[in-house]
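Atoms within a ligand are numbered from 1 in the order they appear, just like the ligands themselves.
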Amino acid sequence: MIMGYIIAIDGPAGAGKSTVARNLAKRLKFTYIDSGAMYRAFTFKIIENNINIEDKENLVHSLRNTDIKFQNGRVYLDNNDVTEKIRSREVDMLVSKVSSIPEIREIMVDIQKRMVINENIVMDGRDIGTVVFPDANLKIFLTASIEERARRRTKENRSKGINDKYEDVLLEIKKRDEADSNRDISPLRVANDAITIDTTNKNVEEIVNEIIFLMGEI
Ligand code: DC
């Protein structure tokens, strides 16, 4: 298998992973893969098809027959554009549960590994540097204070016409952090050789520049 240069970006919700990863990939002309969007797309499929989340056999069968693609910044589920649909409140509420199912993670990691053959990529998620690509060329762990992350998520929601209260968003992020960090399989944790960047008081360009600088250092 021929591997390109792999940059893994992990961190909690709202740390700025997808914005940083997307901009970094653009600057480097690398392919960007949003692994969270893959869990979201499959969660959307479960909701649409009324699949019982307790029915592991059906879930596995369904994921094995699912096609997820990224094209020109859009996310396609079985050839349908679901870019906006996977950001819904319903998906938000169920995705932590779906992504904590070991059988699902195993298949998803497999799909992710196959996506990068022959490509230089930036992939963001929770377990990219620890589980999906333990041999990634560069591993970045992004963090930000929980208040800042809740502020960003509230702002992002407002721009989509969702007017949640800051306090509710804060609570939801706390819950999701806990679920993502305490699950048995691939919990969110910092890889030993990852470099942590606190994004609280930094803009996207500063962070992207920092990562590009780090590529030359290691
Ligand atoms: O980054 P996000 O909010 O789009 O991720 C959606 C959910 O998927 C989140 O609850 C954590 C989970 N996830 C995961 O378990 N592993 C990944 N590599 C990416 C996301």
Side-chain angles (χ1 to χ4, degrees), residues 6-22 24-25 32-47 53 59 63 66 68 70 73-75 77 82-116 121-134 136 139-144 146 148-157 160 162 164 169-191 194 199:
I6 297 178
I7 303 177
I9 300 188
D10 291 302
K17 292 186 303 289
S18 52
T19 313
V20 168
R22 192 179 318 110
L24 177 67
Y32 167 49
I33 299 175
D34 176 351
S35 70
M38 299 172 70
Y39 287 97
R40 285 173 178 276
F42 182 57
T43 302
F44 175 75
K45 182 167 178 168
I46 292 174
I47 298 169
I53 189 143
L59 281 181
L63 183 54
T66 296
I68 301 169
F70 294 94
R74 312 290 299 172
V75 187
L77 170 72
V82 292
T83 314
E84 281 81 27
K85 291 183 183 133
I86 60 169
R87 307 283 158 196
S88 75
R89 199 67 201 265
E90 256 184 307
V91 171
D92 265 350
M93 311 260 276
L94 195 66
V95 65
S96 279
K97 193 153 184 204
V98 173
S99 60
S100 68
I101 301 170
E103 291 87 342
I104 297 302
R105 297 204 71 84
E106 201 179 308
I107 301 172
M108 211 57 112
V109 168
D110 229 48
I111 298 173
Q112 286 155 358
K113 283 183 172 161
R114 271 186 277 124
M115 279 176 127
V116 309
I121 62 136
V122 179
M123 191 181 290
D124 73 335
R126 303 293 193 286
D127 61 341
I128 310 306
T130 50
V131 177
V132 185
F133 298 116
K139 299 179 188 178
I140 303 292
F141 193 88
L142 294 185
T143 59
I146 193 155
E148 173 66 12
R149 293 193 281 127
R151 264 195 296 278
R152 287 178 189 166
R153 194 45 64 99
T154 310
K155 200 170 146 205
E156 190 186 326
N157 286 351
K160 290 188 288 185
I162 306 166
D164 289 339
V169 176
L170 184 67
L171 206 73
E172 203 174 294
I173 288 193
K174 272 189 188 159
K175 270 201 264 175
R176 208 130 72 83
D177 271 5
E178 239 182 72
D180 292 344
S181 305
N182 294 324
R183 66 179 176 222
D184 293 335
I185 179 167
S186 303
L188 173 66
R189 63 177 180 83
V190 190
T199 68

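The environment of CD in Glu103 is crowded: more than 12 heavy-atom neighbours from other residues, nucleotides or ligands sit within 6.0 Å.
Ligand 1 places these atoms under 4.0 Å from at least one heavy atom of Gly36: 4 (O), 5 (O), 19 (C), 20 (C). Heavy-atom proximity to Asp180, at under 4.0 Å, picks out these atoms of ligand 1: 9 (C), 10 (O), 11 (C). Per-residue contacts place Arg87 under 4.0 angstrom from the following atoms of ligand 1 (heavy atoms of the residue considered): 4 (O). When each atom of ligand 1 is checked for a heavy atom of Arg40 under 4.0 Å away, the hits are 2 (P), 3 (O), 4 (O), 6 (C).
Salt bridge status for Glu148 with Arg151: present, with a side-chain N to carboxylate O gap under 4.0 Å. A salt bridge between Asp177 and Arg153 is absent, with no side-chain N of the basic residue lying under 4.0 Å from a carboxylate O of the acidic one. A salt bridge between Arg87 and Asp92 is absent, with no side-chain N of the basic residue lying under 4.0 Å from a carboxylate O of the acidic one. By the 4.0 Å N-to-carboxylate-O rule, Lys174 lies too far from Glu178 to be salt-bridged with it.
Between Asp34 and ligand 1, no N or O atom pair is found at a separation short of 3.5 Å. At a 3.5 angstrom cut-off on N or O pairs, Lys17 does not count as close to ligand 1.
Side-chain contact between Lys17 and Arg126 is present, with at least one heavy-atom pair separated by less than 4.5 Å. Leu24 has its side chain within reach of Ile7: a pair of non-hydrogen atoms, C-beta onward, lies under 4.5 Å apart. Put simply, the side chain of Arg189 does not reach to within 4.5 Å of the side chain of Ser181, judged on heavy atoms.
Within the structure, ligand 1 has Ser96 among the residues with a heavy atom less than 4.0 angstrom away. At least one heavy atom of Arg183 sits closer than 4.0 Å to an atom of ligand 1. Using a non-hydrogen distance threshold of 4.0 Å, Arg105 registers as a contact of ligand 1.
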Show, in sequence, the C-alpha distance, side-chain angles and deciding distance for Ile173 and Leu170, and conclude whether the side-chain contact (heavy atoms from CB on, under 4.5 Å) test is met.
CA-CA 5 Å; Ile173 288 193; Leu170 184 67; 5.8 Å; no

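For atom 1 (O) of ligand 1, the nearest non-hydrogen atom of the protein is Arg126 NH1, 3.0 Å. When hydrogens are left out, the protein atom nearest atom 12 (C) of ligand 1 is Ser99 OG, 3.5 Å; that is the closest non-hydrogen contact. Atom 9 (C) of ligand 1 has as its closest protein heavy atom Arg176 NH1, 3.3 Å. The closest protein non-hydrogen atom to atom 19 (C) of ligand 1 is Ser35 OG, 3.3 Å.
Of the listed options Asp124, Val95, Ile185, Val95 places a heavy atom closest to atom 8 (O) of ligand 1.
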